Amino acid sequence: MRQIVAMLRRLDRYVVPVLILAGWEAFSRSGALPAALLPAPSTVAWAWADWVFGTDGNTQTYSGHWLFDMLASLSRVLAGFAIATALAVSVGVAIGWSRTVEVIIEPTLQTLRPIPPVSWIPLAIIWFGIANKPAIFLVFLGAFFPILLNTIHGVKTCDRNLIRAGAMVGGGNRQLLRFIVLPAALPSIFAGLRIGIGSAWMLTVTAEMVAVKSGLGYVLWDSYYFLRYDLVLAAMASIGLLGFLSDFGIRLVMARVLHWQRNTTIQSGES
Amino acid sequence: MATIEISGVSKIFKDAKRKADVTALDDINIKVEKNQFLCLLGPSGCGKSTLLNMIAGFEKPSSGTVTVDGQLITAPGSERGVVFQQANLMPWLPVWENVGFHLLLRGGQKAVRRETAQRYIDMVGLTGFENHYPSELSGGMNQRVGIARALLMNPQVILMDEPFGALDEQTRMDMQNELVRIWQEHQGTIVFVTHGIDEALTLGTHVAVMSARPGRIREIIPLDLPRPRDITSPQFNEIKRHVLDLLRSERTKPSLETLDHS
Ligand SMILES: Nc1ncnc2c1ncn2[C@@H]1O[C@H](COP(=O)(O)OP(=O)(O)OP(=O)(O)O)[C@@H](O)[C@H]1O
Ligand SMILES: [Mg+2]
C-alpha cells in the first residue's frame, strides 16, 4: 500500500502536463479549428520525430537535421553565455569591491542596461554581418546584465565580519577577494547565471529569426512561412527542452559548488 | 609576548542620520604588560567590543593611540589573534579548513594544513567534527572553532570577545582551564572581554572594570590569587564584593544604560 502511495506521489508532477496534452489532442481532433492551424500533439510528435531521426521525410529539407540545428543554437548560446559570464563576474566583482571602479563605470552600464538587447539587432548586423557573430553578441548582451547585477549584489552583501576575520588571519586584499568575497558571492552569482541562461536562449532564437540562417529559431520562422505549424510547435518544444536542460545543468553545478548551503536554506528541506 | 599600550583613546560614533553621536569610549588609558591576562569587565554597551576592535585594528580611535610593542596599530594582522563575539566562520568551509584558514591564505600544503588544524581541533574538543560545516554545529561548537582558528596562528596577542558566552557551565569551565593552560604554556598577552565577574576573576592577572556611556575605565584591579582559583575562597569573595560595588554604583546613576538592563 505504502509503495503504491509513494509511486503515485512520484507521478504527481506529470498530472498537469498529461491533462493538457490530452485535452489539446481531443480539441484538435474535434475539428473545431482546421487541423493545420492547431496541429494535435500526435502530429507535432510525428513531425518532430522526422526532424530528429528522418523517419519518413515529412519535414522535407529538415528531415533528420535536428541535431545540426540544435547544435547551431546551442553553440551560440554557450559562446555568448561564456563570454558574458567571464566578463560580468570580473567586472561585477571589481564594481562591488572598489568604490572607484564603481563610480567610473557603473553609471555607463546602468544607462546601457535598460536598452532591450533586441534593439541592438540592426547595429549587430551592420557590425558583424549575417552569421554567428551578431547572434553571439545578442546572447552576450542578454546574459551579461543579470549576471553583472547579481555579482555586484553578492559582493556588496558579503558580511563585513567575515572580511575582518580574514584580515585577522593575515589576508591581504587579493586573498580576501579570492578566499572570502568570491565564495560569499557565489550564491548570488549562480542566481544571475540562471536568469542569464534564460535570456541567452531567448536572444539566440530571436537572432536566428532575423539575422542568421540556421538554428532552431531559424527553423521555427522558416516553417511559419511554409505553414508547417506542426514544425513550429516542434521547434518551440525543442527550445523549451534545451532551455530546461541548460538550466538543469547550472543547477547541478550549483548543487555541487554550494553544497555547504544544504542545511541552511528552506530549499534544503525538500529532498 | 607583547606590550599593549592604549593612551588617551576616545571613540565617537558619528551618526549623521539620527544626528546623535555616540561617545562609546572616553579617554581610555591602559597598559597591558607582556604575558598579562587582562579581563575587560563592564555592562552591556559600555564599549568593550569597541576597545577590543581598536586593538585588533578593525576600527580607528577618534583620538589617542593604540600601540603593540611600540608599533602603532592601523590595520589587522596575524600577530594579533581575535576570537569574535559571533564566531564569524566561513560557512562554505568545513571545520578543519576554518581552523587552518591562516595556513590556507599563506598557501600551505593541504596535508600540512590538515595536520596542524587537527592539533587545534583536538585542543578545543571538536575531534570527529573536522568535516562538518559551521551550519551543522551548535553555537558553542562554532565558538570553539573560532578559538582554534585564532590559537593556530600562535599569536603574540590574543583578543577574545566573550568567547565563552554561548557555552554551558561545564564546557565553559573546561575551556577556561584550557585557556589558562595554553596561556601559561605558550605565554602571550591576552585581552579578554566578559561580563561575568566570576569569569574575569578566575582568568585574569588583572581586571579592568568599565562604566558605560561614555565608556570609561573605573579601576584596574590586579589579581594576585593563586591558581587554580577557588571561587569560594575569602580573598576571591573580597575582590568580588569590591567589583560588585563598582558596578552597582554605576547602575544607580540615572542614565540611558539603566534602560538597557531592564
Ligand atoms: N558601528 C557602530 N556605529 C555606531 N555605534 C556603535 C557602533 N558600534 C558600537 N556602537 C555603540 O558603541 C557602544 C559600545 O558598543 P560595544 O559593542 O563596544 O559594547 P559592548 O561593551 O561590547 O557591549 P556587549 O557586552 O553587549 O557586547 C554602544 O552604545 C553602541 O551602540
Ligand atoms: Mg560586545
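Given the structure is predicted, the values throughout are model-derived calculations rather than measurements. A note on names: the letters A, B, ... follow the listed sequences, proteins ahead of strands, and every chain is numbered from 1.
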| Contact class of B/Leu104 relative to chain A, heavy atoms under 4.5 angstrom |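 For B/Leu104, the contact with chain A is made by backbone and side chain together.
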| Side chain, backbone, both or neither: which part of B/Phe58 has an atom under 4.5 Å from a heavy atom of chain A? |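 For B/Phe58, backbone and side chain are both near chain A.
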| task | Report the relative orientation of the aromatic rings in A/Trp120 and A/Trp127; use parallel for angles under 30°, tilted for 30 to 60°, perpendicular for over 60°. | result | tilted
Would you call [X] and [Y] a salt bridge, taking side-chain N to carboxylate O under 4.0 Å as the test?
X: B/Asp168; Y: B/Arg172; result: no
X: A/Arg76; Y: A/Glu208; result: yes
X: A/Arg164; Y: A/Asp159; result: no
X: A/Lys156; Y: A/Glu102; result: yes

| task | Return the option, out of A/Gln175, A/Arg178, A/Met168, with the maximum number of heavy-atom pairs under 4.5 Å with chain B. | result | A/Met168
| Between A/Gly171, A/Gly172, A/Gly166, A/Ala184, which has the largest tally of heavy atom pairs under 4.5 Å with chain B? |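 Highest number of pairs under 4.5 Å: A/Ala184.
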| field | Among B/Leu103, B/Leu105, B/Leu159, residue most engaged with chain A (heavy-atom pairs, under 4.5 Å) | value |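 Most pairs with chain A among the choices: B/Leu105.
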| task | Using non-hydrogen atoms and a 4.5 Å limit, figure out which bit of A/Ile180 sits close to chain B: side chain, backbone, both or neither. | result | both
